[in-house]
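Small disclaimer: the values here were computed from a predicted structure and weren't measured.
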Amino acid sequence: MVPDTLPPPQPLPDADAVPDALPKSLTEPDGSAVIRVLSYNVRSMRDDEEALARVIRACAPDLVFVQEAPRFFRWRKHAARLASKADLVVLGGGATAAGPLLLCSLRAFVEHTEDVLLPLTPGLHRRGFATAVVRFGAARVGVVSAHLSLDATERAAQAELLLDRVATLDAPHVIAAADVNETPGGPAFTRLSATLQDCWTAAPWGGEATFPSAAPSRRIDALFATPGVEVLACGVPTGLPPTDLRTATDHLPVLAAVRLGAGA
C-alpha cells in the first residue's frame, strides 16, 4: 500500500564541504588552468604532524601557503619532510621569510622565488613574505604567503606592504594568503579586501571560521586574489575527519579552487 503522503526528505551529508566536491585541477585547451590553493597556519609543526600531512593531502592542492613554518634548528629539514609527506615540494620561504612558506605540486613550473623580510619593530616578532611566480599551463600567477602582526598598528602597515608586493610581482594574476590576525571589518582586513578579492566572500563554500581549530569562532585566515582570478569556491573543508582538523594545528585550513586565464 502506497502512503498518501511521503515522509520528509532526510538531510544529506555535508558533501559540499569535502575537498573532492571542489573542481579538480586541470589545464584547459587554451592554456588556462584550474588550480587548488590552500592556506594553513601550521604552528611550527608542533602538533600532530601526521594529521597535518593527511589534511593537506586530502585537499589535493597545487599550491600551499603556509604560515608559522619552523624557523629554527633544522628548519629546512622540517619543511622538506612536510612537503614529502604531503606529496609536494618546497617552493620557497621558511626561516628566510620569518615563517611564511610556499609548497607546490610538480604541476607548477617555477619562474622565480623571493623571500622578503619586513621592517622590524623593536620588541615585536620579525615578519616577512614568501613570494614566487609560477606557471600552470599558459597561466602565470604570482603568490605571496604572509603572517601579519599581532600589533594593530604594525599589522595595518604590513597590509600596505603586502599590497605593494602584490602590485610589483610580474604576473597577470596574483594570489595572496595570510593569517591576518584580525577578523573581517578590521583595518588591515578591510584594506586588503578593498583592493583584492576576498575569496571566501567571492565564492563561499564549506566553513568560514578558522580559529581556534578545536572550536572555531573567528575568521582570521584568508585567501585574496587580484580581480582577474576567477574564484570557483573557497572555505574551510569541514568534511575532513574532525580529529585531524583539531589535532593538526590550532588553525583550520582555507581551501580554494580558482581559474587562471592564459596570458603572457
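Listed by first then second residue, pairs satisfying side chain to side chain donor-acceptor pair (under 3.5 Å) with a partner in residues 122-132 read R127-H147, not counting sequence neighbours. Within the structure, the salt bridge (Lys or Arg N to Asp or Glu O under 4.0 Å) test picks out the following pairs touching residues 47-56 (sequence neighbours left out): R43-D47, E49-R81, E49-K85, E50-K85, R54-D244. Counting only residues at least two apart or in different chains, salt bridge (Lys or Arg N to Asp or Glu O under 4.0 Å) contacts with residues 101-110 comprise D62-R107. Legend: salt bridge (Lys or Arg N to Asp or Glu O under 4.0 Å) pairs involving residues 184-195, not counting sequence neighbours, sorted by first then second residue: E160-R191. Sorted by first and then second residue, the pairs that involve residues 162-178 and meet side chain to side chain donor-acceptor pair (under 3.5 Å), not counting sequence neighbours, are E114-R165.
Minimum interatomic distance between V133 and A171 (heavy atoms only, all atoms of both residues): CG1-CB, 4.2 Å. Scanning all heavy atoms of the two residues, the minimum distance from A69 to L101 falls at CB-CB, 3.7 Å. Between I35 and V37, the closest heavy-atom pair is CD1-CG1, 3.7 Å. Nearest approach of G261 to A139, heavy atoms of both residues: O-CB, 3.6 Å. The shortest heavy-atom contact between A257 and P23 is CB-CD, 3.8 Å. Nearest heavy-atom pair, P253 versus V55, reported as atom, atom and distance to 0.1 Å: CG-CG1, 3.9 Å.
The six-membered or imidazole ring of F224 lies away from that of F65, with a centre-to-centre distance of 6.0 Å or more.
No side-chain heavy atom of L38 sits under 4.5 Å from any side-chain heavy atom of L63. Looking only at side-chain heavy atoms (C-beta outward), L150 and N181 come within less than 4.5 Å of each other. Taking 4.5 Å as the limit, every side-chain heavy atom of S193 sits out of range of all side-chain heavy atoms of T201. The shortest side-chain heavy-atom distance between L82 and L52 falls under the 4.5 Å cut-off. Put simply, the side chain of D221 does not reach to within 4.5 Å of the side chain of V180, judged on heavy atoms. At a threshold of 4.5 Å between non-hydrogen side-chain atoms, the residues I175 and L223 count as touching. Here the side chains of L255 and P237 are in contact, with some heavy-atom distance below 4.5 Å. V141 has its side chain out of reach of V174: every pair of non-hydrogen atoms, C-beta onward, lies at least 4.5 Å apart.
T210 places no side-chain N or O within donor-acceptor distance of the main-chain N or O of L252, the cut-off being under 3.5 Å. Side chain of K24 to backbone of D20: a donor-acceptor contact under 3.5 angstrom is found. Proximity of a side-chain donor or acceptor of S84 to a complementary backbone N or O of A80 within less than 3.5 Å is not detected. Put simply, the side chain of E182 gets close to the backbone of A188: a donor and an acceptor are under 3.5 Å apart.
For E28, the salt bridge (charged side-chain N to carboxylate O under 4.0 Å, His left out) partners two or more places apart in sequence, or in a different chain, are R259. Checked against salt bridge (charged side-chain N to carboxylate O under 4.0 Å, His left out), R71 has no partners two or more places apart in sequence or in another chain. Legend: residues meeting salt bridge (charged side-chain N to carboxylate O under 4.0 Å, His left out) with E68, ordered by chain and number and at least two apart, are absent. For R36, there are no side-chain hydrogen bond (donor to acceptor under 3.5 Å, both in side chains) partners at least two apart in sequence or on another chain. Residues passing the salt bridge (charged side-chain N to carboxylate O under 4.0 Å, His left out) test with R246, sequence neighbours excluded: none. For D87, there are no side-chain hydrogen bond (donor to acceptor under 3.5 Å, both in side chains) partners, not counting sequence neighbours.
F211 does not carry R218 over the face of its six-membered ring by the limits of under 6.0 Å from the centre and within 45° of the normal.
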Take H78 and F73, measure what side-chain contact (heavy atoms from CB on, under 4.5 Å) needs, and give me the verdict at the end.
CA-CA 9 Å; H78 293 307; F73 185 64; 5.8 Å; no
Checking C59 against L22 for the side-chain contact (heavy atoms from CB on, under 4.5 Å) test, could you report, in this order, the C-alpha distance in whole Å, the side-chain angles of both residues, the deciding distance, and whether it holds?
CA-CA 9 Å; C59 292; L22 262 66; over 6 Å; no
Could you go step by step and tell me if W200 and V231 meet the side-chain contact (heavy atoms from CB on, under 4.5 Å) rule?
CA-CA 9 Å; W200 159 261; V231 183; over 6 Å; no
Decide side-chain contact (heavy atoms from CB on, under 4.5 Å) for L102 and S145; before the verdict, give the C-alpha distance in whole Å, the side-chain angles of both, and the deciding distance to 0.1 Å.
CA-CA 7 Å; L102 294 166; S145 181; 3.8 Å; yes
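Using a 4.5 Å cut-off between side-chain heavy atoms of Ile, Leu, Val, Met, Phe, Trp and Tyr, with links allowed through other members, L196 and L260 fall into different hydrophobic clusters. By the rule that hydrophobic residues join a cluster once side-chain heavy atoms approach within less than 4.5 Å of another member, V229 and L162 end up as members of separate clusters. Using a 4.5 Å cut-off between side-chain heavy atoms of Ile, Leu, Val, Met, Phe, Trp and Tyr, with links allowed through other members, L103 and V89 fall into different hydrophobic clusters. Cluster membership check: V254 does not share its hydrophobic cluster with I56, using side-chain heavy-atom separations under 4.5 Å among Ile, Leu, Val, Met, Phe, Trp and Tyr. V143 and V110 end up in the same hydrophobic cluster when Ile, Leu, Val, Met, Phe, Trp and Tyr side chains are linked at under 4.5 Å.
Note that the OG atom of S32 and the CZ atom of F136 stand 13.5 Å from one another [nearest 0.5 Å]. Rounding to the nearest 0.5 Å places CD of Q67 at 11.5 Å from OG of S44. If you take CG on N41 and CG on D250, they are separated by 6.0 Å, rounding to the nearest 0.5 Å. Annotation: the span from L118 atom CG to L148 atom CG amounts to 8.5 Å, rounded to 0.5 Å. Distance check: S149 OG to Q158 CD gives 5.0 Å after rounding to the nearest 0.5 Å.
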Throw together a table of side-chain donor-acceptor distances under 3.5 angstrom for residues 92-100, partners on residues two or more places apart or in other chains.
unit_1 : atom_1 : unit_2 : atom_2 : d
T96    : OG1    : D115   : OD2    : 2.6

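No side-chain N or O of Q197 forms a donor-acceptor pair with one of T226 less than 3.5 Å apart.
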